[in-house]
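A, B, ... follow the sequence lines: proteins, then strands. Residue 1 opens every chain.
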There are 2 protein chains.
Amino acid sequence: MTQSETTKQARVFNASDIENMPQRTRANFINALSGFKSANLVGTRNVNSVDNLAVVSSVFHVGAHPPLLGMIMRPHTVVRDTLQNIKDTGVYTINHICTDIVGPSHQTSARYPSEESEFVHTGLTPIDSTAVNAPYVIESNISLAMQVQDIQLIAINKTELVIGQIVEVVMKNNYVNDDGYVDIERANSVAISGLDAYHKTQSIDRFAYAKPGKAIKSIKL
Amino acid sequence: MTQSETTKQARVFNASDIENMPQRTRANFINALSGFKSANLVGTRNVNSVDNLAVVSSVFHVGAHPPLLGMIMRPHTVVRDTLQNIKDTGVYTINHICTDIVGPSHQTSARYPSEESEFVHTGLTPIDSTAVNAPYVIESNISLAMQVQDIQLIAINKTELVIGQIVEVVMKNNYVNDDGYVDIERANSVAISGLDAYHKTQSIDRFAYAKPGKAIKSIKL
């Protein structure tokens, strides 16, 4: 069978196919299946005032009022310092990864010692947030200051869900449309797939509020 | 000030700026700040065997072993039927929204009566999953069968976090690379920003596992 015939084949993976994958293969596979992920740098400061920066692809929307974001953190992994700092200080920043900093952003996932700042090692630039005791990333076009509201254990796999409230939003330019929509594509924010793939985006369409019996209607972006 | 001068201005929003936004404006604003979101159709079946389909932008990765995905659901909103069906049957499907079905996919967010199927109203096509009692979407290139593992209350805003385990993966073609990575861009999966904006993607790069003291290294996609 030729390569092009192979790729035309439907593929089905059942639970035991997944269970039997080598660990790294399964990690690549499962991490891509949720769809595209947000691409953020989480900035924290430890009790000795050392700044920490970590690429996080698990930030998600929890609610708009109050304005809440969640993120899943694995203890004992490379984000252990980030999680500890968040528990110690109760605050953190979320900074969109933009197209021109994907390389240094991914490099923050290297396992640097706790007392060395990823900012120093990657060339990304910290600037103090005036809202919280944590660093923003200057190179990011959209940065958020976050205050922890709750940390819930996800019992089934011993991960931790950090829920924070947005207390400040800083944008390098005005990316906000009249209706409140933030044009994150214009801000050059990127998306992640799997563990390590970065994508820029191209708008397809934006739709008006859908109603039964009415045809879907485009909103000009 | 001209428009181009306006958009060159940095913008800062503090907590009370956000609190004082009109509700719909704040919803648009906050929903875009987490970054790009996954774009999925969640398929369920009610106790009377009526199929339900709902666009969901809150699906996120929880863990690879066991393979777990989470999603945030608001009770009393348009996803109330989806949530009830999941509680009644313990299963659901997750189907990637692909570039050619963004319109009908968004239309599933219209508030149809519980006893009418969104499949009928949108023209999307159900097909029975053999793994779970819920419909897949034929037009989707990547579909997952899910078994509920846990439903946790997010106390702070009374939303519910549904955690499910992937028990089957169906792909229309073979999108899996040798290392397990699923090339969801090649599958035409899309990303969502805000409440209603759909984006296709363009790969920037994929990076090897990052290590201290080693330059970031590209993996050819």
Side-chain angles (χ1 to χ4, degrees), chain A residues 7 9-15 18 25-32 34-36 38 59-61 63-64 67 69 102-103 106-107 109-110 112 149-150 156-157 167-174 179-182 184 191 193-194 196-204 206-207 210-212 216, chain B residues 7 9-15 18 25-32 34-36 38 59-61 63-64 67 69 102-103 106-107 109-110 112 149-150 156-157 167-171 173-174 179-182 184 191 193-194 196-207 210-212 216:
Chain A
T7 56
Q9 293 269 317
R11 292 288 300 270
V12 178
F13 303 84
N14 64 26
I18 296 169
T25 306
R26 185 176 47 235
N28 283 325
F29 183 75
I30 299 298
N31 267 276
S34 59
F36 287 101
S38 57
V59 172
F60 58 92
H61 177 83
L69 302 181
V102 294
H106 192 72
Q107 185 64 28
S109 63
Y112 296 106
Q149 297 299 321
D150 198 11
I156 190 173
N157 73 346
V167 295
E168 184 175 78
V169 180
V170 178
M171 298 184 188
K172 210 168 275 184
N173 301 307
N174 182 18
D179 67 355
Y181 172 74
V182 185
I184 62 174
S193 67
D196 48 30
Y198 293 78
H199 308 256
K200 56 187 172 183
T201 64
Q202 194 181 338
S203 171
I204 299 173
R206 216 187 135 198
F207 296 114
K211 292 182 178 172
I216 196 84
Chain B
T7 57
Q9 293 268 319
R11 292 287 301 269
V12 179
F13 303 85
N14 64 27
I18 297 169
T25 307
R26 185 174 49 233
N28 283 325
F29 184 75
I30 299 299
N31 267 276
S34 58
F36 288 101
S38 56
V59 173
F60 59 92
H61 177 83
L69 303 182
V102 295
H106 192 73
Q107 185 63 28
S109 64
Y112 296 106
Q149 297 299 322
D150 198 10
I156 190 173
N157 72 347
V167 295
E168 185 175 77
V169 180
V170 178
M171 296 184 189
N173 300 307
N174 182 17
D179 66 355
Y181 172 74
V182 185
I184 62 174
S193 67
D196 48 29
Y198 294 78
H199 309 255
K200 56 187 173 183
T201 64
Q202 196 181 336
S203 170
I204 299 173
D205 215 334
R206 217 186 135 198
F207 296 113
K211 292 181 178 172
I216 198 83

Selection from A/V167, A/V12, A/I184 maximising heavy-atom pairs under 4.5 Å formed with chain B:
A/I184
Could you grab the distance from atom NE2 of B/H199 to atom NZ of A/K200, nearest 0.5 Å is fine?
15.0 Å
Supply the atom-to-atom distance A/N28 CG to B/R206 CZ, rounded to the nearest 0.5 angstrom.
5.5 Å
Could you tell me if the side chain of B/Y112 sits less than 4.5 Å from the side chain of A/P212, heavy atoms only?
yes
Choice from A/S38, A/A64, A/S34, A/G35 maximising heavy atom contacts with chain B below 4.5 Å:
A/S34
Taking every non-hydrogen pair under 4.5 Å, which of A/I18, A/I30, A/N157 racks up the most with chain B?
A/I30
For A/F36 and B/F36, what are the C-alpha separation, side-chain angles and deciding distance, and is it a ring-ring contact (aromatic ring centres under 6.0 Å, His included)?
CA-CA 7 Å; A/F36 287 101; B/F36 288 101; 8.7 Å; no
Give me the atom names and distance for the closest heavy-atom approach of B/Y181 to A/S193.
OH-OG, 2.5 Å
Taking side chain as everything from C-beta outward and backbone as N, CA, C, O, which of these in B/K211 sits under 4.5 Å from a heavy atom of chain A? Side chain, backbone, both or neither.
backbone
So which residue, B/N31, B/L69, B/V59, ends up with the most heavy-atom pairs under 4.5 Å with chain A?
B/N31
Interatomic distance, CD@B/E168 vs CZ@A/F13, rounded to 0.5 Å, equals 11.0 Å
Taking every non-hydrogen pair under 4.5 Å, which of A/S109, A/A32, A/A191 racks up the most with chain B?
A/A32
At a heavy-atom distance under 4.5 Å, which candidate from B/D179, B/N14, B/V170 has the highest pair count against chain A?
B/D179
Please classify the contact of A/D150 with chain B as side chain, backbone, both or neither, using a heavy-atom distance under 4.5 Å.
neither
